[in-house]
Amino acid sequence: MKLLHKRIIKDGVVLPGNILKVDSFLNHQIDVELLIEIGNEFKKRFDKKKITKVLTVEASGIAVATVTAINFKVPVVFAKKDHSHNQDSQLYESEAYSFTKKQPYVMKVSKKYITSVDTVLIIDDFLANGEAVKALIDICHQAKCQIAGVGIVIEKTFQPGRGKIENYNLHIESLARISKMDNGQVTFL
Ligand code: 5GP
């Protein structure tokens, strides 16, 4: 997706530890016009599927999932990371290891919101080691729903995420695929 490539080149900042900072347009301050284009692109790429829910994880997946779900006219469900007192007691849970925080966490989704009748599109902002997407797939397996595919805004192809997700034989679409981040420079595949 050319518009996204251009924006990453212009405003993305490469941090130590293979982290790309995109918080001026994607996950802190949000460029809504760019996000709408991202949602439209996911609609095109998954248009043949009869999607009933878009599933993501808080916090940075929510905006992207929302602009995507608008196009499919379906709800967004986001996995929660923290335990809250008003949370449902009937939960799907799956553990993942956080790439940015370097610690494990448990994703939780109420059993009310994903069920066996659903066809779910999984969306996230980044694919790095594949932990977040794997946990979302695990939640879908617990719910016995169909998975329409996995949509990623920025994939770092030099990290093992795609390899892990390909084992599930799912339709994966990434809008920007970064093959290298050397000396502060981003190279696309
Ligand atoms: P994974 O679970 O694939 O290892 O990492 C994906 C999750 O970690 C995403 O939900 C995203 O929030 C975060 N993440 C991974 N790599 C990056 C990165 O380079 N930059 C930012 N901002 N977040 C990342």
Side-chain angles (χ1 to χ4, degrees), residues 1 4-31 34-35 38-39 42 53-69 76-82 92-109 120-142 147 149-168 170-189:
M1 188 184 167
L4 179 62
H5 284 200
K6 276 195 194 156
R7 193 57 182 270
I8 292 170
I9 299 281
K10 183 169 161 277
D11 292 328
V13 179
V14 178
L15 297 182
N18 283 326
I19 292 180
L20 179 67
K21 197 170 178 198
V22 288
D23 68 351
S24 65
F25 61 95
L26 189 64
N27 52 26
H28 189 24
Q29 171 171 266
I30 294 173
D31 179 336
L34 174 66
L35 229 70
I38 287 172
F42 279 134
K53 299 270 165 85
V54 175
L55 176 66
T56 190
V57 54
E58 67 176 354
S60 52
I62 296 175
V64 183
T66 302
V67 290
T68 305
V76 172
V77 178
F78 64 90
K80 297 198 174 194
K81 291 177 180 171
D82 293 326
Y92 305 117
E93 296 188 346
S94 190
E95 192 174 278
Y97 188 83
S98 168
F99 180 81
T100 44
K101 299 203 171 100
K102 308 282 176 235
Q103 59 184 38
Y105 64 98
V106 179
M107 280 189 199
K108 303 179 194 82
V109 171
V120 169
L121 174 61
I122 294 172
I123 293 282
D124 204 8
D125 58 343
F126 275 91
L127 181 62
N129 290 330
E131 285 280 309
V133 170
K134 249 181 66 187
L136 292 170
I137 291 172
D138 180 35
I139 284 170
C140 289
H141 287 166
Q142 292 176 45
I147 302 175
V150 177
I152 299 293
V153 181
I154 303 171
E155 173 184 345
K156 292 176 286 178
T157 65
F158 56 89
Q159 290 172 329
R162 180 174 281 255
K164 289 188 202 164
I165 305 311
E166 274 175 350
N167 291 332
Y168 296 96
L170 294 170
H171 176 185
I172 309 171
E173 293 282 350
S174 303
L175 305 188
R177 302 187 75 199
I178 295 174
S179 59
K180 252 193 337 193
M181 298 200 310
D182 287 342
N183 308 317
Q185 291 283 101
V186 170
T187 308
F188 294 103
L189 200 65

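Counting convention: from 1, in listed order, for ligands and their atoms alike.
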**Student:** Taking atom CG of L136 and atom CE of M107, what is their separation to the nearest 0.5 Å?
**Tutor:** 4.5 Å
**Student:** Do the numbers put K102 on top of the ring of F99, so that NZ or CZ is under 6.0 Å from the six-membered ring centre and no more than 45° off the axis?
**Tutor:** yes
**Student:** Show which atoms of ligand 1 fall inside a sub-4.0 Å distance from at least one heavy-atom site of S60.
**Tutor:** 12 (O)
**Student:** Do other residues, nucleotides or ligands put more than 12 heavy atoms under 6.0 Å from the NE2 atom of H141?
**Tutor:**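 Yes - once you tally the heavy atoms of other residues, nucleotides and ligands closer than 6.0 Å, there are more than 12.
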**Student:** For atom 13 (C) of ligand 1, which protein heavy atom lies nearest, and how many Å away is it?
**Tutor:**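 Closest protein heavy atom to atom 13 (C) of ligand 1: T100 CG2, 4.0 Å.
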**Student:** Judging by distance only, is a nitrogen or oxygen of G130 under 3.5 angstrom from one on ligand 1?
**Tutor:** yes
**Student:** Tell me: protein heavy atom nearest atom 2 (O) of ligand 1, and distance?
**Tutor:**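 Looking at atom 2 (O) of ligand 1, the protein heavy atom closest to it is A132 N, 2.8 Å.
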**Student:** Does I154 come within less than 4.0 Å of ligand 1, judged by its heavy atoms?
**Tutor:**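 No, I154 has no heavy atoms under 4.0 Å from ligand 1.
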**Student:** Where is the nearest protein heavy atom to atom 10 (O) of ligand 1: which residue, which atom, and how far?
**Tutor:**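 Answer, as residue, atom name and distance: D124 OD2, 2.7 Å.
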**Student:** Minimum heavy-atom separation for K156 to I19, with atom names?
**Tutor:** NZ-CA, 4.5 Å
**Student:** Decide yes or no for L26 and I154: does some side-chain heavy atom of the first lie under 4.5 Å from some side-chain heavy atom of the second?
**Tutor:** yes
**Student:** Has G161 got any heavy atom lying under 4.0 angstrom from an atom of ligand 1?
**Tutor:**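 No heavy atom of G161 comes that close to ligand 1.
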**Student:** Please say whether L20 places an N or O atom under 3.5 Å from an N or O atom belonging to ligand 1.
**Tutor:**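 Checking ligand 1 against L20, an N or O pair does fall under 3.5 Å apart.
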**Student:** For atom 17 (C) of ligand 1, grab the closest protein heavy atom and report residue, atom and distance to one decimal in Å.
**Tutor:**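 Looking at atom 17 (C) of ligand 1, the protein heavy atom closest to it is K156 NZ, 3.4 Å.
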**Student:** Tell me, yes or no, whether the heavy-atom count around K180 atom NZ, taken from other residues, nucleotides or ligands under 6.0 Å, exceeds 12.
**Tutor:** no
**Student:** Please list the nearest protein heavy atom to atom 11 (C) of ligand 1 with its residue and the distance rounded to 0.1 Å.
**Tutor:** D125 OD1, 3.4 Å
**Student:** What protein heavy atom lies closest to atom 21 (C) of ligand 1? Include the residue and the distance to one decimal.
**Tutor:**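 Answer, as residue, atom name and distance: F126 CE1, 3.3 Å.
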**Student:** Side-chain contact test, heavy atoms from C-beta onward, threshold under 4.5 Å: evaluate it for L55 versus V109 and give yes or no.
**Tutor:** yes
**Student:** List ligand 1 atoms under 4.0 Å from N27, heavy atoms only on the residue side.
**Tutor:**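 Counting atoms of ligand 1 from 1, those under 4.0 Å from N27 are 22 (N).
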**Student:** I'd like to check whether E131 has a polar contact with ligand 1, where a contact means an N/O of the residue lying under 3.5 Å from an N/O of the ligand.
**Tutor:**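 Yes: some nitrogen or oxygen of E131 is under 3.5 Å from one in ligand 1.
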**Student:** Number the atoms of ligand 1 from 1 as they appear, then name those within less than 4.0 Å of a heavy atom of N18, with their elements.
**Tutor:** 19 (O)
**Student:** Parallel, tilted or perpendicular: which describes the rings of F188 and H5, with under 30° parallel and over 60° perpendicular?
**Tutor:**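 Correct class here is parallel.
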**Student:** Would you call K134 a ligand 1 contact, heavy-atom distance under 4.0 Å?
**Tutor:** no
**Student:** Heavy-atom distance under 4.5 Å between the side chains of Q185 and V14, does that happen here?
**Tutor:**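 When only atoms from C-beta onward are counted, V14 and Q185 do not touch, as no gap falls below 4.5 Å.
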**Student:** Between N129 and ligand 1, does any nitrogen or oxygen pair lie at a separation below 3.5 Å?
**Tutor:** yes
**Student:** Hey, could you give me the CD1/OG1 distance between I123 and T68, rounded to the nearest 0.5 Å?
**Tutor:**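 So the CD1 of I123 and the OG1 of T68 are separated by 4.0 Å.
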**Student:** Please determine if F99 has a nitrogen or oxygen closer than 3.5 Å to a nitrogen or oxygen of ligand 1.
**Tutor:**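 Between F99 and ligand 1, no N or O pair is found under 3.5 Å apart.
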**Student:** Below 3.5 angstrom, do we get any N/O pair linking A128 and ligand 1?
**Tutor:**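 A128 vs ligand 1: N/O contact under 3.5 Å present.
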**Student:** Would you mind reporting whether F42 and V67 have side-chain heavy atoms less than 4.5 Å apart?
**Tutor:**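 When only atoms from C-beta onward are counted, F42 and V67 do not touch, as no gap falls below 4.5 Å.
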